[in-house]
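Just so it is clear, the structure is predicted and the values come from calculations on it, not from any experiment.
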Number of protein chains: 2
Amino acid sequence: MSLQPALYLLPVSLSNAPIENVLPALNISILRELRVFIVENLRTARRFLREAIPGFDIDGSQFFELNNHTDPAAISSFLEPLRNGIPTGVMSEAGCPGVADPGAQVIEIAQRENLKVIPLVGPSSILMALMGSGFNGQHFCFHGYLPVKEPDKARTLRDLEAESARKDMTQIFIETPYRNNKTIELMSRTLRDRTLVCVASELTDPEKEQIITLPASAWRRKKYDFDKHPTIFLLHAR
Amino acid sequence: MSLQPALYLLPVSLSNAPIENVLPALNISILRELRVFIVENLRTARRFLREAIPGFDIDGSQFFELNNHTDPAAISSFLEPLRNGIPTGVMSEAGCPGVADPGAQVIEIAQRENLKVIPLVGPSSILMALMGSGFNGQHFCFHGYLPVKEPDKARTLRDLEAESARKDMTQIFIETPYRNNKTIELMSRTLRDRTLVCVASELTDPEKEQIITLPASAWRRKKYDFDKHPTIFLLHAR
């Protein structure tokens, strides 16, 4: 296989599930050919490559790190190999690059310069949570992180709930994992009894995955512990 | 492999790309074991199964059709096999079930009855378009179809643009394929010059895929023909 020069957007695993559970074979054949990578986290990218392709030539590969510590002025230079015709991969720390990660910045530059961008199939916790929730998938919104402070977060939750009821839409957000339980607790006492809350945790993990949809009132009584487990939150008000 | 009883949410191809380009091997092993399916379209589901697994026992399988013509009162009965411990698959006409298709209705019932729901990885045109656009993936909203009539659609486009600028968010929507060109034309003269418009067409197709991001003003001058090609539209205003 000789790869056409393009920016390949390569999803990576969300869990310890075997690679063949979550990535199409095509992704592995493309990874095998790549020697230039723009990655959110150097260490996890290398670990992923070693796991996906035993014996992968890490030392013969070039890595650019693109995350919140990257100098914005440097990002464009990461595309220099691609400008010279060398296929380049983009990898997030988990899931799909360009979605809830800093990767979009380099994809934006590639688009501006008319460089070919090829997204590949892979696990997205946002999308899989939406699928599993049973909520409206014809109209949904992902908000990233909510405000950290509790009064602000409670107000935002009520705003999202009101908008969900008004527009029949699904609201999706994330939380830093050590605050998951507190966030569920806050939702259960802030939202209306009948508003449905879905908690989707450890997606794609064959043992630990949980996708639970219950009315806010039922979460109030339920026992749970999602702290430190990667989790997506969804709500749908009626 | 003996499959645990669950509702398996099985993505299907978006294009004529080989199955191994877009589905993990796990999906095929699960499909192989299933004999009960809830599908959006009987004919395309059977064709997909035959293609994914040559020799698949279509005649020995049970299919329930769930689409806009299905009697809502009948949907719950589709879960009768699963209630009796028989693993059941859900398949959309294209892409991921539960997202922009009627599948969410049966997933909602499964969640209400505490039946296990397991989403699998596969191609989602919404997500792949978002990845490839270079737009903000930390905050995005999918709106399904916009209003059909041109004045309403133009007003909605301006509202989405204003919200996108105000909240720094990506707006995503779809259109019936024979109206794609008209919609781009409408966007190019309705939106502000600098607003970025991404048109993502024939996703996952090795030959026909196109993901093009340009300012509205550049779409005004560009030649294109996306009519009858499955396409996702995205906009981001600054």
Side-chain angles (χ1 to χ4, degrees), chain A residues 9 11 17-27 96-101 103-112 114 116-124 126-145 169 196 198 200 203-204 209 211-214, chain B residues 9 11 17-27 96-101 103-112 114 116-124 126-145 169 196 198 200 203-204 209 211-214:
Chain A
L9 312 183
I19 295 287
E20 61 269 23
N21 285 21
V22 292
L23 294 183
L26 173 70
N27 298 32
C96 294
V99 183
D101 83 333
Q105 295 173 67
V106 74
I107 303 167
E108 186 189 348
I109 299 172
Q111 281 284 5
R112 205 182 306 145
N114 205 16
K116 197 167 176 64
V117 173
I118 302 182
L120 294 167
V121 172
S124 155
I126 298 167
L127 194 88
M128 297 178 84
L130 177 64
M131 290 164 72
S133 67
F135 293 168
N136 189 354
Q138 321 242 19
H139 194 182
F140 62 89
C141 198
F142 174 69
H143 300 273
Y145 294 94
M169 66 189 279
L196 292 173
C198 177
L203 288 165
T204 74
E209 175 175 290
I211 308 175
I212 303 172
T213 297
L214 289 170
Chain B
L9 312 183
I19 295 286
E20 62 269 23
N21 285 20
V22 292
L23 295 182
L26 173 71
N27 298 34
C96 295
V99 182
D101 83 332
Q105 296 172 67
V106 74
I107 303 167
E108 186 187 348
I109 299 172
Q111 281 283 6
R112 205 183 305 145
N114 205 16
K116 198 166 176 62
V117 173
I118 302 182
L120 295 168
V121 172
S124 155
I126 299 167
L127 194 87
M128 297 178 84
L130 177 64
M131 290 164 72
S133 68
F135 293 168
N136 189 354
Q138 322 241 19
H139 194 182
F140 63 89
C141 197
F142 174 69
H143 299 273
Y145 294 93
M169 65 189 280
L196 291 173
C198 177
L203 289 165
T204 75
E209 176 174 289
I211 308 176
I212 302 172
T213 296
L214 290 170

Per-residue contact mode, B:Asn114 against chain A (heavy atom under 4.5 angstrom): neither
Which atoms of B:Ile212 approach chain A - backbone, side chain, both or neither, heavy atom under 4.5 Å: backbone
B:Gln138 to A:Asp101 - nearest heavy-atom pair and separation: NE2-O, 3.7 Å
Heavy-atom pair count under 4.5 Å with chain B, highest-scoring of A:Pro11, A:Pro123, A:Gly132: A:Gly132
Winner by heavy-atom pair count (cut-off under 4.5 Å) against chain B, out of A:Val117, A:Ile107, A:Val99, A:Asn21: A:Asn21
Aromatic plane relationship, B:Phe140 with A:Phe140 - under 30° parallel, 30 to 60° tilted, over 60° perpendicular: perpendicular
Under 4.5 Å from a heavy atom of chain B, the part of [X] involved:
{"X": "A:Leu120", "answer": "backbone"}
{"X": "A:Phe135", "answer": "backbone"}
{"X": "A:Leu23", "answer": "backbone"}

Test item: A:Gln111 side-chain N/O and B:Thr213 main-chain N/O as donor-acceptor pair under 3.5 Å: yes
Any B:Leu9 side-chain heavy atom under 4.5 Å of A:Met128 side chain: no
Residue list, side chain to side chain contact (heavy atoms under 4.5 Å, CB included) with A:Glu108, at least two apart or on another chain: A:Arg112, B:Arg238
